[in-house]
> 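The structure follows.
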Amino acid sequence: MKKSKLFSLLMVMVLAVFTALTGCSSSGAGSENAEGGKEKSENWREKDPKEIKGEITFISQRTDIVNTVFPEYAKEFQKKYPNVEVNFEALTDYGGQITPRMNTEEYGDVLLLPTQVPIEDIPNFFEPLGSLKEMGEKYMGVEERAVDGTVYGIPVAITYNGVVYNKKVFEEAGINELPRTMDEFISALEKIKENTDAVPLYTNYAAGWPLTQWQGNVTTVAGDPAYSSQTMVNGKDQLTEGKPQFELWNLMYDVAKKGLIEADPLTTDWESSKAMIGKGEIATMVLGSWAIDQIKGVAENPDDIGYMPFPTNADKVIFPLGADYQIGVNKHSESKEAALAWVDWFIHESGYSVEQAGGISAAKDVPLPEDLKKYEEQGVTFELLTPAKEGQEGLLDKIDKEAEVGLWLEDKPKRIVEAAIGNRDESFKDIMAELNADWNEAYDKIVGK
């Protein structure tokens with residue numbers, strides 16, 4: 001009985017929080033300043049930085065650097081804004097902990113926009129940063145959580161997908177030019193196996209989740225940023241030969257089948273693998289850009305670690321981009337000018353996006369990292385994924401779940417590797433024929449024949 005009453009009480013509290021989250025009235029920039037006496041934030045850029053004053057708190061999810069890197073950022077920030085004091089707070093369960101606090105006005109001055117808050121309710125909690133038209137010309141990814149043509153947050157980083165590699169191993173193997181196509185990639189791995197002692201490609205099979213990192217590269221294989229969101233959901237037979245998903249997983253199968261992976265995939269270790277590629281014991285791993293800093297952090301020579309686009313047979317090579325958390329300003333902040341100055345400095349000058357998030361800056365005027373400039377010069381494009389067509393939001397996920405293919409799960413990639421190394425009595429084509437049939441059945445059920 002006590003448990004039942006406690007559960008009921010908790011449910012009432014949760015409902016109260018979310019009623020408040022969705023029930024607040026929305027107001028435009030400056031309206032609360034006029035009515036509630038909050039500091040006005042218009043035209044703060046026109047002021048001398050020394051005129052910007054206040055004490056602010058920045059709340060984030062980065063518990064790992066809240067007491068180390070962030071205080072160093074504050075010192076650098078104060079060289080430009082000497083009269084602003086910046087405090088930091090990090091939450092272990094960011095979304096779960098920050099949303100209840102948003103039932104009050106006390107949820108920091110600068111914070112990350114929690115995905116738990118419905119997009120249409122964002123204006124109830126965050127200060128407008130500018131029109132989508134103007135902000136979209138300056139920043140990438142701001143459209144994702146914009147409301148009615150107004151931007152309320154800027155991505156703290158734009159991450160990308162590809163292949164981490166050891167430059168020294170490639171050099172020892174006699175690879176003078178990075179592979180572009182899938183055949184060239186396999187050829188490069190074969191050279192590494194023949195001419196070095198390094199594992200050509202480390203799957204991290206035992207950990208499982210690293211195999212899901214391959215999925216982020218389907219855009220590169222397709223050569224089309226709209227493939228997943230628009231093409232794949234508007235036609236059947238998406239897992240057949242010649243289609244991007246088939247070709248992506250076929251490369252995984254071929255690499256394993258040819259013995260170009262670790263000798264015993266069942267005993268791999270993620271933490272060890274980061275040091276191994278740093279030492280030159282591994283040549284390549286398919287991982288998102290977030291992993292670069294982690295690997296360089298344990299590498300004997302960080303400069304040996306490079307990053308390249310996933311191999312593709314498409315006419316153009318794309319580094320697919322994805323927006324990280326967005327940073328915004330509490331609309332109830334007592335120090336909006338100081339908060340806006342911190343957001344601007346954090347995005348443009350802190351270096352966080354590259355050094356701590358393993359990505360690139362959302363600001364279009366911030367130069368690409370040196371390792372990526374060479375690809376831009378070679379014609380490689382950096383493109384955000386195209387949103388789904390109106391009315392088709394979430395459709396890919398619905399079809400995938402109904403079909404139980406699990407594009408972003410480890411089960412099917414593990415099955416593919418197992419078949420390739422002989423632990424399953426089935427071919428790659430057998431697997432894909434089964435998955436394609438499941439996909440078509442799900443497509444008919446959800447989209448219609």
Side-chain angles (χ1 to χ4, degrees), residues 21-22 24-34 38 40-46 95 102 107 109-160 219 224-226 228-230 318-333 336-337 339-350 352-353 357 359-366 368 381-395:
L21 283 175
T22 57
C24 297
S25 61
S26 177
S27 59
S31 63
E32 186 166 1
N33 294 334
K38 304 296 184 183
K40 293 186 177 182
S41 57
E42 297 92 340
N43 305 320
W44 68 272
R45 292 179 186 277
E46 297 176 9
M102 294 170 69
Y107 46 95
D109 299 278
V110 179
L111 65 157
L112 307 176
L113 277 61
T115 55
Q116 288 84 349
V117 174
I119 291 178
E120 63 269 21
D121 292 330
I122 287 175
N124 297 332
F125 308 101
F126 292 92
E127 183 76 0
L129 301 181
S131 72
L132 179 57
K133 181 178 180 181
E134 293 178 354
M135 296 289 284
E137 294 174 356
K138 300 176 182 178
Y139 302 96
M140 295 183 284
V142 291
E143 69 283 347
E144 290 191 9
R145 300 187 72 75
V147 183
D148 295 332
T150 299
V151 170
Y152 295 87
I154 303 171
V156 295
I158 301 293
T159 57
Y160 46 96
T219 298
D224 178 10
S228 294
S229 59
Q230 297 188 7
I318 297 174
F319 258 131
L321 304 178
D324 203 330
Y325 267 117
Q326 294 199 4
I327 187 174
V329 173
N330 178 351
K331 69 175 293 184
H332 306 293
S333 170
K336 285 182 183 175
E337 291 188 341
L340 289 165
W342 171 259
V343 169
D344 186 73
W345 183 89
F346 190 81
I347 294 295
H348 288 268
E349 300 181 49
S350 71
Y352 173 89
S353 58
I360 60 177
S361 176
K364 295 179 180 180
D365 61 353
V366 175
L368 285 172
T381 62
F382 295 79
E383 299 185 39
L384 286 164
L385 304 186
T386 306
K389 294 179 179 178
E390 187 174 352
Q392 292 190 334
E393 296 85 353
L395 182 56

> How far does CD1 of I360 sit from CG of D324, to the nearest 0.5 angstrom?
12.0 Å
> List the steps, then state whether side chain to side chain contact (heavy atoms under 4.5 Å, CB included) holds for M102 with F126.
CA-CA 10 Å; M102 294 170 69; F126 292 92; 3.9 Å; yes
> Within the 4.5 Å heavy-atom criterion, are F382 and I158 side-chain neighbours or not?
no
> Taking all atoms of both residues into account, what is the closest heavy-atom pair of P225 and T219, and its distance?
CA-CG2, 3.7 Å
> State, to 0.1 Å, how close A323 and G141 come at their nearest heavy-atom pair, and which atoms those are.
CB-CA, 4.5 Å
> Compare all side-chain heavy atoms of Y160 with those of P320 and state whether any distance is below 4.5 angstrom.
no
> Would you indicate whether K133, at its atom NZ, is surrounded by more than 12 heavy atoms from other residues, nucleotides or ligands within a distance under 6.0 Å?
no
> Does the pair I347 and Y139 meet the rule for a side chain to side chain contact (heavy atoms under 4.5 Å, CB included), with working shown?
CA-CA 10 Å; I347 294 295; Y139 302 96; 3.9 Å; yes
> For the side chain to side chain donor-acceptor pair (under 3.5 Å) test, which of K331, K336, H332 pairs with E127?
K336
> For atom CG of D365, is the number of surrounding heavy atoms from other residues, nucleotides or ligands below 6.0 Å larger than 12?
yes
> What distance do D224 atom CG and L385 atom CG have between them, rounded to the nearest 0.5 Å?
10.0 Å
> Report the distance from atom CG of L384 to atom CG of L321, rounding to the nearest 0.5 Å.
5.0 Å
> Please evaluate residues E143 and L132 with respect to the criterion side chain to side chain contact (heavy atoms under 4.5 Å, CB included), reporting the C-alpha separation (whole Å), side-chain torsions for both, the decisive distance (0.1 Å), and the verdict.
CA-CA 7 Å; E143 69 283 347; L132 179 57; 3.9 Å; yes
> State, to 0.1 Å, how close Q326 and G153 come at their nearest heavy-atom pair, and which atoms those are.
OE1-O, 2.9 Å
> Below 30° counts as parallel, above 60° as perpendicular, anything between as tilted: where do the rings of F125 and Y107 land?
perpendicular
> Between the side chain of E393 and the main-chain N/O of G391, is any donor-acceptor distance below 3.5 Å?
yes
> Taking side chain as C-beta onward, heavy atoms only, is V142 less than 4.5 Å from P155?
yes
> State, with a plain yes or no, whether a side-chain heavy atom of K389 is found less than 4.5 Å away from one of L395.
no
> Quick check: are there more than 12 heavy atoms from other residues, nucleotides or ligands sitting under 6.0 Å from CD of E134?
no
> Any donor and acceptor pair, going by atom type alone, linking the side chain of S350 with main-chain N or O of Y352 inside 3.5 Å?
yes
> Less than 4.5 Å apart, any side-chain heavy atom of D344 and any of W44?
yes
> Looking at CD1 of I327 and CG of L111, how far apart are the two atoms once the value is rounded to the nearest 0.5 Å?
8.5 Å
